[in-house]
Each structure stands twice: as structure tokens, then as C-alpha cells.
2 protein chains.
Amino acid sequence: MSDVARLAGVNRVTASVALNGSSRAGTRVSDATRLRVIEAAKELGYTPNAIALALRGQRTNIIGYYSGYEFLDAHDPFNATILNGLQRRCQMHRQDLLIFGSYQRNSVEEVYASLVNGKIDGLILLPTPHSPVLDELLQSHLPVIAVANPVPNIASVTVDDITGSRLLAEYLAQKKHQRILYRADPGEHTSTTRRLEAFLEAAASFDMDVQVSRGEKNGRLRAEEIDILRTPQELRPTVIVSWVDSHAYMLLEELRELNIRVPDDIAVVGFDGIRLTPRPFCALTSIRAPWNEVAETAVDLLMMLIDGEKVEQETMLPVELAIGDTA
Amino acid sequence: MSDVARLAGVNRVTASVALNGSSRAGTRVSDATRLRVIEAAKELGYTPNAIALALRGQRTNIIGYYSGYEFLDAHDPFNATILNGLQRRCQMHRQDLLIFGSYQRNSVEEVYASLVNGKIDGLILLPTPHSPVLDELLQSHLPVIAVANPVPNIASVTVDDITGSRLLAEYLAQKKHQRILYRADPGEHTSTTRRLEAFLEAAASFDMDVQVSRGEKNGRLRAEEIDILRTPQELRPTVIVSWVDSHAYMLLEELRELNIRVPDDIAVVGFDGIRLTPRPFCALTSIRAPWNEVAETAVDLLMMLIDGEKVEQETMLPVELAIGDTA
DNA sequence: TTGAAAGCGCTAACAC
DNA sequence: GTGTTAGCGCTTTCAA
């Protein structure tokens with residue numbers, strides 16, 4: 001920029017003012033000077049240095065996305081949907097998006113330091129239960145929005161898990177299901193916990209029998225679950241509810257291997273409702289949650305926080321029942 | 001940091017040296033002082049400011065990923081695989097990853113400016129054909145590694161498209177296919193162009209008949225292609241080669257709607273070989289390309305470029321034939 | 001072993 | 001309408 005100023009025959013700061021038009025202060029430049037400066041900038045291929053700007057203005061125009069302690073697998077449809085939403089909205093707000101992926105091997109201090117070191121203006125967080133970083137973030141002044149899981153004292157964007165579970169229970173009741181196997185989230189996320197509780201409550205109101213099974217992280221059937229599926233038809237569950245679609249799809253594959261037909265022998269439902277491409281081998285009955293909008297809303301709210309505005313503690317988006325071939 | 005120094009009763013720079021141990025210069029601190037400084041830093045919860053560091057050191061430890069002019073759809077298995085690879089490797093090199101997504105509405109100058117404004121130390125680029133940003137990037141001093149598509153004068157990491165096409169042609173010849181419909185990339189990427197050319201050459205050497213069709217961007221069948229599929233069985237192609245798996249999967253769905261059975265009525269093969277979860281409705285015969293390693297290698301090479309080392313113009317990774325149910 | 005000076009690139013506030 | 005000063009947080013070079 002010194003070069004630009006020199007070429008235009010003016011002072012550095014005059015050039016600065018001429019270029020970015022922030023003429024709010026007493027500082028003004030004549031049109032002639034401005035034109036000369038712009039000309040010079042173009043000739044020299046001048047590009048403002050974002051880092052200097054960031055240091056000066058205490059703002060980088062980068063927002064971060066941190067997906068808890070797990071590796072951020074873009075193949076996971078949920079993650080992909082969130083990423084897409086974040087991307088779109090960031091572009092709209094002219095922010096860059098910085099991905100903090102897996103930090104398995106780093107200490108909490110290191111992770112925390114990497115989040116508050118000034119690189120990002122704010123953080124979108126996919127909270128994991130009991131994450132120690134959460135406590136530290138609460139102390140910091142970094143603007144944070146949580147997605148999917150509500151967190152005390154952090155503003156969050158979530159979906160209406162409770163209505164979702166009720167819709168599911170109603171649908172299953174209407175289909176005359178009596179015995180249900182609910183495969184619950186092995187991790188204890190706040191959203192999936194309330195999802196489970198709401199389902200149990202709704203199912204009770206319909207006099208349905210629910211057996212809860214907390215499975216493996218990888219979603220595969222455990223021996224106990226296989227035993228349940230092998231009990232005589234008139235005793236075993238007539239439907240399996242999966243806390244999340246991805247595990248439901250894995251379940252469908254395992255059922256096929258066990259020669260259990262869906263939905264004839266047993267029905268299967270999920271929760272997520274993300275449309276997949278290429279289309280999987282069957283259409284899962286599920287609750288459709290608008291993860292895309294969750295991500296977009298999260299960015300909007302984060303921008304408000306960054307700009308010093310207040311936001312709601314929890315913004316909950318509506319869900320709907322999506323009927324497929326499996327129940 | 002001033003605060004830390006004050007609390008420890010030393011000068012700012014003494015504190016700096018004490019903390020980051022870069023005691024290479026004549027500057028040294030006694031263990032006692034260092035201990036006192038570290039203590040003070042811990043007490044104050046001091047975190048070094050990455051932006052100041054970046055301004056000082058002309059290095060942000062952020063690398064960028066820019067996927068050409070298209071929206072970076074994380075649902076696309078290719079994109080997801082690349083993202084995963086980048087993430088993993090970035091973490092290993094202790095770099096942050098900045099995603100530049102869609103820039104549909106921005107001018108070339110704006111995109112270029114956002115790439116060279118100093119936020120990133122280097123760029124991983126998924127090149128689109130004739131992208132004007134390419135020319136500008138060549139002029140700049142920003143280290144760049146291209147992935148998937150070779151680009152003149154930019155180091156790239158690619159897969160062996162030519163061997164892949166030959167493997168495919170050989171396999172089809174061995175399966176006694178004579179008439180082939182090759183659905184080519186509607187965009188003219190350097191990789192898919194050589195993929196097509198190699199296939200034509202190999203097919204010719206096996207005396208196979210190849211009809212080339214350049215389809216829609218969205219991968220759906222055009223009217224002409226449907227006409228071809230409606231010609232009598234003894235005249236129409238016995239196999240369709242798709243330039244990429246994702247379009248092959250869409251094709252399979254369309255064929256099902258047209259009541260054309262695969263592979264009985266017509267065989268289908270693709271190119272990519274990305275393993276999908278949940279599993280799609282059928283296993284596609286394809287060429288398995290190691291996109292994961294492509295991304296990882298790209299990061300490795302980019303780090304070398306950033307550190308001032310030279311790298312190969314093109315690094316080509318091997319592919320293999322993956323036989324599925326469709327051919 | 002420690003401190004002082006200079007500067008990374010930029011701009012808000014003021015004085016001319 | 002234009003130039004000067006100061007400082008964002010940090011580190012490398014040199015002098016004490």
C-alpha cells in the first residue's frame with residue numbers, strides 16, 4: 001500500500017481512505033486524488049492484507065465450525081448437510097468458514113487455545129456430551145452458537161425432537177404396533193435424550209410396550225438385540241425405532257443378512273429424514289429434520305452475537321413425518 | 001502478554017522469549033524467570049494471538065480449499081472424500097482448513113482477492129476448466145496444488161485415468177461387449193478428457209464400437225440417449241460407461257424406471273469407486289480411485305511448497321478395477 | 001541474562 | 001482536503 005501511495009503521490013493513509021471509502025471521520029479525499037489512487041492500486045495489483053486488517057479491526061471475518069471431539073466425517077449425511085448450510089450462509093454474510101476437525105490427540109487446553117486465538121470471530125459448535133471445552137468456552141468471550149444439541153448457557157439451534165418423537169409414536173400406534181424396540185443413542189446427547197424420553201411418554205399414552213436398547217457407537221446389532229429378534233414372532237417387537245437414520249440403514253442391511261424382511265417381518269423407522277444421493281436400497285420411514293436450516297440459522301444468529309446483539313437461548317425448528325417403505 | 005510480563009515483573013519481550021522458547025538468537029532467559037513467566041501466563045489464562053503472530057511471521061498456518069466455481073456439495077461422495085482427506089492431513093501438519101465454497105455471484109477479481117489476501121498460506125484447488133482465476137493464481141506467489149485435474153504450470157495430484165480406462169476396456173472386452181455407449185463429462189476437465197481418450201484408444205484396440213454422448217450437467221438421460229436405449233436389443237449398446245460413479249447411479253435409477261434390467265439387458269460401469277454409506281441399492285462396477293490419498297498427498301505437497309521446496313509437476317496415484325453387480 | 005527499538009500492514013483520531 | 005501520530009500483539013535484532 002505504501003507503493004500505491006507513492007505511485008499516486010500521496011500519503012499512505014490518504015491512499016487507505018481513498019480506497020476503502022471509510023470517510024466517516026474528518027478525513028476526506030478529493031475525487032481526483034481518489035481516482036489517482038484507485039488507478040495506482042489497479043496498476044500495482046494491490047490487494048488489501050486481511051491479516052493486517054484483522055489485527056487492526058479485531059475481526060477476521062472467519063467463523064469456525066467445531067464438531068466436538070469426533071472426526072468430522074463429511075460422508076455422514078448429517079455432517080454433510082450441516083456443512084452445506086454453513087457454507088451457503090457464510091458466503092451470504094461474506095464470512096470465511098474454518099473447519100476444526102478431529103482433535104482426538106490434542107489436549108483440552110490445545111483445542112481451547114486454537115479456538116480462542118483470534119483466528120475466528122465466532123464459533124458454531126456441535127456439542128458432545130460432557131465436552132470439557134464447553135466449560136472453558138463459557139468463560140471466554142468468544143461468541144458461540146450450538147447446533148442440534150441444546151446446551152445450558154449457550155444459545156442453540158435445534159429441531160423439535162419432542163414433536164418428532166410424538167409423530168412417530170402416533171404413526172406407529174395408528175399402524176397397530178404394540179411391541180417396540182427403541183435403539184437409543186449410545187452417547188448421551190441432550191437432543192437424543194429428550195427424543196427418547198418424549199417417545200417413551202407418547203408410547204405409554206398409546207399403551208405400547210417399549211424396550212430400550214443402548215447399542216454400540218458403530219450402530220451394529222449387539223448379541224442381546226439379535227436374541228430379541230430371534231424370539232417367536234408373536235412375542236418379539238413388531239417395529240424397531242432407531243434414534244438416527246444412519247444406524248437404521250445399517251440395521252436394514254443386518255436384517256437382510258438375518259433373513260428378516262422389512263416391513264413384513266418387522267418395521268423400521270429412523271430420525272433425520274435426510275434425502276440421500278445416490279438413493280439407498282430402500283426409503284426409510286423417518287422424521288424429517290431441517291438440518292440445513294439449522295445450520296443456516298446458526299450462522300445468522302452467530303453473526304448477531306458477533307455484532308453484539310442478543311439472541312434467544314434456544315431456537316427450535318419444526319420437523320415432519322416422512323413415510324417411506326419400511327414402516 | 002503485557003499483563004503476563006507485568007505480573008512476572010519482566011519486559012514484554014522477555015516474557016515472549018520465555019514462553020515460546022525460540023531462544024535461537026542471543027536472547028536467553030534464566031530458568032527462574034521462565035518459570036515465573038509461565039506461572040503468570042497460566043494464572044492469566046494467556047493465549048497467544050494467532051493474528052498478531054500471522055502478521056509478524058507472514059504465516060497463518062491456515063490452508064485453503066477452493067473447489068472451483070461450483071458449490072462445494074459435501075453430499076457428493078467425491079467432495080466428501082476429499083474433505084476428509086484434507087482434514088486429516090491438515091491436522092497432522094497442525095494447519096487449519098479454510099473452505100472456500102461457492103462463489104457463483106462474485107467476480108473473478110473478488111475471488112482472486114479473497115484467495116491472496118494473506119489469510120491462507122497455500123491453496124488446494126479443484127480446478128474447473130477455463131477458470132479465469134487460474135491465470136491470476138499463476139501470477140501470484142501463493143503456493144497452489146491442484147487435485148484431480150492436471151493443470152499446466154501448477155503442481156497437481158491426480159489419479160491414473162489412463163490405466164483406469166484401459167482396465168475398464170479390457171474387462172468389457174473380456175466380457176464380450178461389442179457396442180458401448182460412453183457417457184462423457186459435459187464439462188471438459190483435463191482428467192476426464194484423458195479418461196475418455198484412453199478408453200477410446202483401448203476400445204479400438206479390442207475392436208469395440210464406442211458411441212460417445214456428452215450429457216447434461218445433472219446426469220439425467222437426454223432424449224437422444226433414450227432413443228438409443230430403445231433401439232432393438234441386437235443393435236443397441238450392451239454396456240454404458242459413465243465418466244463418474246454418481247451419474248452412473250442416477251442412470252441406474254432411470255434404467256429401472258424404463259424397465260431396462262441391469263446387467264441382464266444392459267451393463268453399467270462407472271469411475272470413482274467410492275464406497276458409500278448407507279450402501280446404495282446395488283454395487284456398481286467401477287474403477288476405484290484413491291481420492292483420500294489424493295487429498296492427503298496434496299496437503300503434503302502444499303506444505304513442501306510453503307516451506308520453499310520444489311515438488312513434482314504431477315503426482316499420479318494408481319487405480320484398480322472394482323467389480324460389482326452391474327457389469 | 002535482560003531490555004530497547006523497529007516493524008509486520010493497516011486505519012481511527014486528530015491537527016494542519 | 002491532506003498529512004501526522006499512535007497502536008492492534010507479537011518477535012527478531014541488537015545493545016546493555
Side-chain angles (χ1 to χ4, degrees), chain A residues 1-38 40-41 44-62 113-114 116-121 140-142, chain B residues 1-38 40-41 44-62 113-114 116-121 140-142:
Chain A
M1 173 123 146
S2 295
D3 298 342
V4 173
R6 198 176 313 123
L7 183 61
V10 297
N11 186 297
R12 289 217 323 269
V13 23
T14 310
S16 165
V17 173
L19 283 178
N20 66 14
S22 95
S23 45
R24 200 178 45 69
T27 315
R28 287 247 163 100
V29 298
S30 66
D31 284 0
T33 313
R34 161 168 292 124
L35 227 62
R36 234 175 336 126
V37 173
I38 292 179
L44 268 52
Y46 168 76
T47 317
N49 181 306
I51 298 302
L53 247 56
L55 185 58
R56 185 87 229 311
Q58 304 293 36
R59 177 145 179 182
T60 60
N61 293 313
I62 302 178
S114 79
V116 299
N117 63 13
K119 274 184 185 170
I120 57 175
D121 295 334
S140 80
H141 288 160
L142 185 72
Chain B
M1 173 121 148
S2 295
D3 299 342
V4 173
R6 198 176 313 122
L7 183 61
V10 297
N11 186 299
R12 289 216 323 270
V13 25
T14 310
S16 164
V17 174
L19 283 177
N20 66 14
S22 95
S23 44
R24 199 177 45 68
T27 314
R28 286 247 163 98
V29 300
S30 68
D31 284 1
T33 313
R34 159 168 294 124
L35 227 61
R36 231 171 342 126
V37 173
I38 292 178
L44 268 52
Y46 168 77
T47 318
N49 182 305
I51 298 302
L53 247 57
L55 185 59
R56 186 82 233 305
Q58 304 292 39
R59 174 140 182 188
T60 60
N61 292 314
I62 301 177
S114 77
V116 299
N117 62 14
K119 274 184 185 169
I120 57 175
D121 295 334
S140 80
H141 286 160
L142 184 71

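Just so it is clear: chains get the letters A, B, ... in the order the sequence lines come, proteins before strands, and each one is counted from 1. What you see below is based on every heavy atom in this structure, not just the backbone, and it leaves out hydrogens, waters and symmetry mates.
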Should [X] be listed as having a side-chain N or O under 4.0 Å from OP1 or OP2 of [N]?
{"X": "A:Ser16", "N": "C:dC10", "value": "no"}
{"X": "B:Thr33", "N": "C:dT2", "value": "yes"}
{"X": "B:Thr14", "N": "C:dT2", "value": "no"}

Within residues 6-18 of chain A or reaching into it, pairs that qualify as salt bridge (charged side-chain N to carboxylate O under 4.0 Å, His left out) - sequence neighbours excluded: A:Asp3-A:Arg6
Close side-chain approach of B:Leu142 and B:Asp121, heavy atoms under 4.5 Å: no
Beyond-backbone contact of B:Lys119 with A:Ile62, side-chain heavy atoms, under 4.5 angstrom: yes
Whole Å only: how far is the [atom1] atom of [X] from the [atom2] atom of [N]?
{"X": "B:Asn11", "N": "D:dT13", "atom1": "CG", "atom2": "C1'", "value": "14 Å"}
{"X": "B:Asn117", "N": "C:dC10", "atom1": "CG", "atom2": "P", "value": "11 Å"}
{"X": "A:Arg12", "N": "D:dA6", "atom1": "CZ", "atom2": "C1'", "value": "12 Å"}
{"X": "B:Leu19", "N": "D:dC10", "atom1": "CG", "atom2": "C1'", "value": "12 Å"}
{"X": "A:Arg6", "N": "D:dG3", "atom1": "CZ", "atom2": "P", "value": "14 Å"}
{"X": "B:Arg59", "N": "C:dG9", "atom1": "CZ", "atom2": "P", "value": "17 Å"}

Counterpart residues, side-chain contact (heavy atoms from CB on, under 4.5 Å), relative to A:Ala15 (two or more places apart): A:Met1, A:Ala5, A:Val10, A:Val37
Any side-chain donor near an acceptor of the partner, A:Thr47 and B:Asn117, under 3.5 Å: no
CZ on B:Arg36 to OG1 on B:Thr14, rounded to 0.5 Å: 10.0 Å
Candidates D:dG3, D:dT12, C:dC10 - which lies nearest the side chain of B:Val17: D:dT12
Close residues, residues 45-58 of chain B, relative to DNA chain C [heavy-atom separation under 4.0 Å]: B:Leu55, B:Arg56, B:Gln58
